[in-house]
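As structure tokens, the structure follows; a few thoughts come after it.
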Amino acid sequence: NITSSSTLTMTPSTSATVSYSYSYTNGTGSGSGSQGCSSTSCHTISGLNSSATVTFTGPTETDSYGNTAAATLVVTVDKSVPTIASVTTSSISGSSSNLTFTPSEAGTYFYLVYAFADSAPSASTIIAQGTSISEGTSSAVSASNVVNMSGLDENSSYKVYLVVRDSAGNISAVSTT
């Protein structure tokens with residue numbers, strides 16, 4: 001997955017000239033074509049948006065046994081940052097509470113529980129699971145998630161800080177409840 005560029009350039013690793021075909025789709029259109037390229041020059045596709053898919057297909061080759069195959073490379077551009085909605089916590093019962101949230105896409109969630117008066121942590125501190133009263137991380141689905149947080153005192157006030165990282169490495173803004 002590509003997360004930070006809107007231009008994709010293909011350059012072969014050999015000095016031989018090869019032919020390939022390509023196609024792409026994204027939210028603003030699509031395109032296709034074919035061309036030859038050498039080790040120093042090839043094709044560049046610009047203007048890819050946050051949800052583009054590009055497919056490169058190389059020439060068909062036949063081995064000594066008569067098997068044929070064409071190399072295919074599929075590249076997905078993912079610059080979409082997950083968002084988190086419907087973040088709530090239940091009342092503390094004994095020493096635990098439930099954190100409920102709904103991310104816009106699946107990935108990995110990370111949370112830290114701090115005393116109410118403490119300064120907010122950064123997203124990188126949350127992901128690193130820095131020192132806190134309670135912390136956790138696991139897989140998140142793109143639907144409602146319920147997480148049990150333990151080690152809490154029902155006579156204390158807390159803030160929960162939460163982030164979600166998608167499969168491409170994009171990280172949501174820090175959510176607080």
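When reading the values below, keep in mind they use all heavy atoms of this one structure, side chains included, and skip hydrogens, waters and symmetry mates.
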Which atom names give the shortest non-hydrogen contact between Val164 and Pro103, and what distance separates them?
-> CG2-CB, 4.1 Å
Give the cluster check for Ile127 versus Val147: same hydrophobic cluster or not, with ILVMFWY residues linked at side-chain heavy-atom distances below 4.5 Å.
-> no
Heavy atoms only: give me the nearest Gln129-Tyr111 pair and the separation to one decimal.
-> NE2-O, 3.4 Å
Indicate if Phe101 and Val113 have the same hydrophobic cluster label, given that clusters are the connected sets of ILVMFWY residues with side-chain heavy-atom separations under 4.5 angstrom.
-> yes
Measure the shortest side-chain to side-chain distance between Ile133 and Leu152 over non-hydrogen atoms and say whether it is less than 4.5 angstrom.
-> yes
For Thr177 and Thr88, which heavy atoms make the closest approach, and how far apart are they?
-> OG1-CA, 4.4 Å
Looking only at heavy atoms, what is the nearest atom pair of Ser172 and Ile84, with distance?
-> OG-CD1, 3.4 Å
Side-chain contact, heavy-atom cut-off 4.5 Å: Glu105 with Asn170?
-> no
In one Ile/Leu/Val/Met/Phe/Trp/Tyr side-chain cluster, 4.5 Å: Met149, Tyr109 | yes
Between the side chain of Tyr158 and the main-chain N/O of Asp153, is any donor-acceptor distance below 3.5 Å?
-> yes
Listed partners of Tyr161 passing ring-ring contact (aromatic ring centres under 6.0 Å, His included), at least two apart | Tyr114
Donor-acceptor under 3.5 Å (Glu154 side chain, Gly94 main chain) = yes
Smallest heavy-atom separation, Val163 atom then Ala123 atom, equals CG1-CB, 4.0 Å
Under 3.5 Å, side-chain donor or acceptor atoms of residues 138-146 against the rest of the protein: list the pairs with distances, not counting sequence neighbours.
unit_1 : atom_1 : unit_2 : atom_2 : d
Asn145 : OD1    : Val141 : N      : 3.1
Asn145 : ND2    : Val141 : O      : 3.0
Asn145 : ND2    : Ala143 : O      : 2.7

Kindly give the cluster partners of Phe116, where membership spreads through any ILVMFWY side chain lying under 4.5 Å from a current member.
-> none
Where the side chain of Ser134 meets the backbone of Ser150, is there a donor-acceptor pair that is under 3.5 Å apart?
-> yes
Linking I/L/V/M/F/W/Y whenever their side-chain heavy atoms sit closer than 4.5 Å, directly or via other members, would Leu162 and Ile171 fall into one cluster?
-> no
Value rounded to 0.5 Å, distance of CZ in Arg165 from OG1 in Thr137 | 7.5 Å
Side chain of Ser90, backbone of Ser97: donor and acceptor closer than 3.5 Å?
-> no
Expected output: side-chain Ser96 to main-chain Asn148 donor-acceptor under 3.5 Å = no
Minimum side-chain heavy-atom gap Leu99-Val87 below 4.5 Å = yes
